[in-house]
Amino acid sequence: MSEASLVPAADSDMEVDTAAHPTQPFSFNLLQTIKKAQSVHGLRHGDYTRYRHYCTRRLRRLYTSLKFLHGRKKFEKKVMLPEHVVDVRYLYILLVSAERAWSYAMELKQDVASEPRRRFRLLRRLCKAEKWATELAKMSSLKADSRTALEAEAYASWMSASVSFEKENDWEGALGKFLRTRTVYEQLSKLKGDMEQQALCRERVEELEPSIRYCEYNLKRAGKSGGSYSDLRDLDSVDSPGDDLLKSKLESVLAEERTRQAEKMSELSWQGKDLPVRNNSTRLSILNAQALVKQLEQIDDDKHEKKMGIYDKCFIQYNDAKRQIRDDLSLVSSDRGDEGDAIRSELNTLDFAVNAMLLQQTINRNKMMVGVAQAQLERQQAEQGEKDASRKGEKTVRPADLVKLYNTLLANLSELSDSSLTSAGASEEEAQTLVVEQCRAEEVAVRAARCYYLSQAHSAQGGSTEAYLLLGRAIEHAQEAIKLATARGEAGAQALPTLQSLLSRARTQRCLVHANVAENAANEESALGK
């Protein structure tokens, strides 16, 4: 099977012929070459081992095809000099060597948490990658055209910045190198020519931003001006191959910052009340969950799989907080009198609050799942049936699947409403909170959508009478939901277009079902008359 390589296919197995090929200037798109090889050989899935093995094989083929071998039986190091570079593949040797050392460092980085001593080897491999990248930049300046030399210089600058970034001893130097790299790629993205190359340069600029901001954050801390935790938290959504150095540092620093915040946190604001949180572990779990919720708000709506993963982490943190609260409840002695009753009441209220937050995020997750399934069902219906969708490899969505999701959503909303009422106190006026009103309005809207899709399920099985009745219920619920949304003012305005669309579709579908029933009845009468 052929491999996408760090060397053009036409040159990969050629013998060196200095007479047939000009010695300079050489030209190749360095960034495009690297990105393509990384994508094909494992880095799309974060598999640095596979990419390192590919680089080793590619390097061996380059040495063999160029006859640039380090001895036959005994290793004898052969230094590459400018006069040796009579073929562009000599520059590829330097590039692949740098990539191999860097990928090995990234591979070791994944195991540093469990085996800290591997960090020394990681640093040695990064320094080796920096040495090869620097050699590539020097050789390119002598043997390649100006654009290739500039790309090689940016690559060497980035590799050198990565070394300083990992050593954590020169944030100012790392920042300067990252900024220099960004400047080069910004200029390259403006040059006319290959559109793919321009897009890759712009993408590279975006990838560098989190590292630059992290260096600035550490410089602020070193200057005792206090690095901004909110700025640091915004970097937590980094998600691109090769950012493992930044990700690992973010995880450790964010954990330290949240622990520090947990020590300062004394109360949790919920439904206009400030609830004391005395257990440090509970505070830390709540802070972690809140950070994940804010991260969810920054992710694009179309990245469903990524959101699902973060929702799962959020649920784990809230459940940890609930478990810690209930452990504290079990430790409260029953013979402490009024003091014990006050502590139990405080913990019970906190438990209600955390449970309500968990339910709210569960509802948000289920709404996202409903939206995804609904969009897929509509796409399937527009393509006229399930066969078209199955040919594309999509999982078929049926109306019954949406009904199940709406049932789950109804249960979540009911539980959230009940928990708000239970924790609100004895006064009936106090219980009528905005949360309860919102749950009531959303429940009616969900019932309307549930009836609509349940009618589709019955209609698909030939139950026209049931479908007609269910569409009537969907219309009633949709009208009620529109009234409730209108009464809520700005808070309910966002739901109005969706509800009005649902009402219109239900009315149209009801007319079609009614016409279908009438036509079937007429056909039956005609058949009996004959």
Side-chain angles (χ1 to χ4, degrees), residues 1-12 14 21-22 24-47 51 54-55 58 62 87-96 98-99 102-103 106 133 136-137 139-141 143-159 161-162 177-213 237-243 246 298-306 392-393:
M1 183 180 292
S2 62
E3 291 182 325
S5 80
L6 282 167
V7 184
D11 296 336
S12 58
M14 294 165 52
H21 297 279
Q24 60 180 344
F26 300 118
S27 177
F28 67 97
N29 291 329
L30 189 146
L31 182 60
Q32 189 173 356
T33 302
I34 292 173
K35 287 289 186 180
K36 183 177 179 181
Q38 289 179 350
S39 176
V40 173
H41 295 284
L43 258 62
R44 183 182 297 176
H45 310 290
D47 190 348
Y51 183 59
Y54 158 74
C55 289
R58 174 52 59 191
L62 283 167
D87 190 293
V88 71
R89 287 173 291 167
Y90 283 96
L91 298 181
Y92 279 112
I93 286 177
L94 301 174
L95 175 61
V96 178
E99 284 291 290
W102 171 81
S103 60
M106 296 300 100
L136 173 64
M139 207 63 74
S140 296
S141 66
K143 295 291 183 176
D145 62 11
S146 57
R147 175 165 184 149
T148 303
L150 194 59
E151 276 198 79
E153 183 184 345
Y155 180 72
S157 180
W158 171 76
M159 198 67 79
S162 297
K177 292 167 186 174
F178 278 131
L179 289 173
R180 184 178 180 181
T181 306
R182 184 181 69 177
T183 301
V184 171
Y185 283 121
E186 282 178 344
Q187 295 302 317
L188 288 173
S189 68
K190 296 175 183 177
L191 294 178
K192 294 181 180 179
D194 189 352
M195 297 298 292
E196 183 181 356
Q197 179 74 1
Q198 292 176 3
L200 284 173
C201 289
R202 286 193 293 269
E203 181 184 333
R204 190 66 173 148
V205 169
E206 292 175 2
E207 289 175 359
L208 289 168
E209 284 301 322
S211 298
I212 291 170
R213 288 161 60 192
S237 58
V238 172
D239 186 24
S240 62
D243 280 326
L246 179 57
Q298 297 170 355
I299 299 175
D300 296 336
D301 293 337
D302 58 343
K303 296 183 179 178
H304 307 121
E305 291 184 5
K306 186 175 181 181
K392 292 181 179 179

Original post:
Looking only at heavy atoms, what is the nearest atom pair of P25 and A144, with distance?
Top reply: CB-C, 3.8 Å
**OP:** Could you check W158 against L208 for side chain to side chain contact (heavy atoms under 4.5 Å, CB included), going step by step and ending with a plain yes or no?
**Re:** CA-CA 9 Å; W158 171 76; L208 289 168; 3.7 Å; yes
Original post:
So, E209 and R182, do they make that salt bridge, N to O below 4.0 Å?
Top reply: yes
Subject >> Side-chain touch V184/S157, heavy atoms, less than 4.5 angstrom >> reply: no
Original post:
Rounded to the nearest 0.5 Å, how far apart are CG of L188 and CG of L200?
Top reply: 11.5 Å
Original post:
How far apart are the closest heavy atoms of S140 and A149, and which atoms are they?
Top reply: O-CB, 3.8 Å
**OP:** Please report the C-alpha distance between Q197 and E151 in whole Å, then the side-chain angles of each, then the deciding distance to 0.1 Å, and finally whether the side chain to side chain donor-acceptor pair (under 3.5 Å) criterion is met.
**Re:** CA-CA 11 Å; Q197 179 74 1; E151 276 198 79; 3.2 Å; yes
Original post:
Under a 4.0 Å N-O cut-off, is there an ion pair linking D145 with R147?
Top reply: no
Original post:
Out of curiosity, S103 OG to Y54 OH, how far, rounded to the nearest 0.5 Å?
Top reply: 11.5 Å
Original post:
How many angstroms lie between SG in C201 and CG in L31, if you round to the nearest 0.5 Å?
Top reply: 5.5 Å
Subject >> Pair E203, Y185: side-chain N/O donor-acceptor within cut-off below 3.5 Å >> reply: no
Subject >> Side chain proximity check, Y155 to L95, heavy atoms < 4.5 angstrom >> reply: yes
Original post:
Does some side-chain heavy atom of R58 sit less than 4.5 Å from a side-chain heavy atom of Y92?
Top reply: no
Subject >> Reported CD1-to-CG distance for the pair I34 and L43, which is rounded to 0.5 angstrom >> reply: 11.0 Å
**OP:** For R180, enumerate each residue passing the salt bridge (Lys or Arg N to Asp or Glu O under 4.0 Å) test, keeping only those at least two apart in sequence or located in another chain.
**Re:** E153
**OP:** Output all residues satisfying side-chain hydrogen bond (donor to acceptor under 3.5 Å, both in side chains) with S39, sequence neighbours left out; order by chain, then residue number.
**Re:** R44
**OP:** Go through E99 and Q38 one step at a time and tell me if the side chain to side chain contact (heavy atoms under 4.5 Å, CB included) criterion holds.
**Re:** CA-CA 9 Å; E99 284 291 290; Q38 289 179 350; 2.9 Å; yes
Original post:
Say you draw a straight line from CG of N29 to OG1 of T148; how long is it, rounded to the nearest 0.5 Å?
Top reply: 7.0 Å
Original post:
Looking at K35 and E207, does any basic side-chain N land under 4.0 Å from a carboxylate oxygen?
Top reply: yes
**OP:** Evaluate the side chain to side chain contact (heavy atoms under 4.5 Å, CB included) criterion for residues L136 and L30: first the C-alpha distance (whole Å), next the side-chain angles of each, then the deciding distance (0.1 Å), finally the verdict.
**Re:** CA-CA 11 Å; L136 173 64; L30 189 146; 3.7 Å; yes
**OP:** Decide yes or no for T181 and V205: does some side-chain heavy atom of the first lie under 4.5 Å from some side-chain heavy atom of the second?
**Re:** no
Subject >> Approximate separation, where rounding is to 0.5 Å, of T33 OG1 and L91 CG >> reply: 11.5 Å
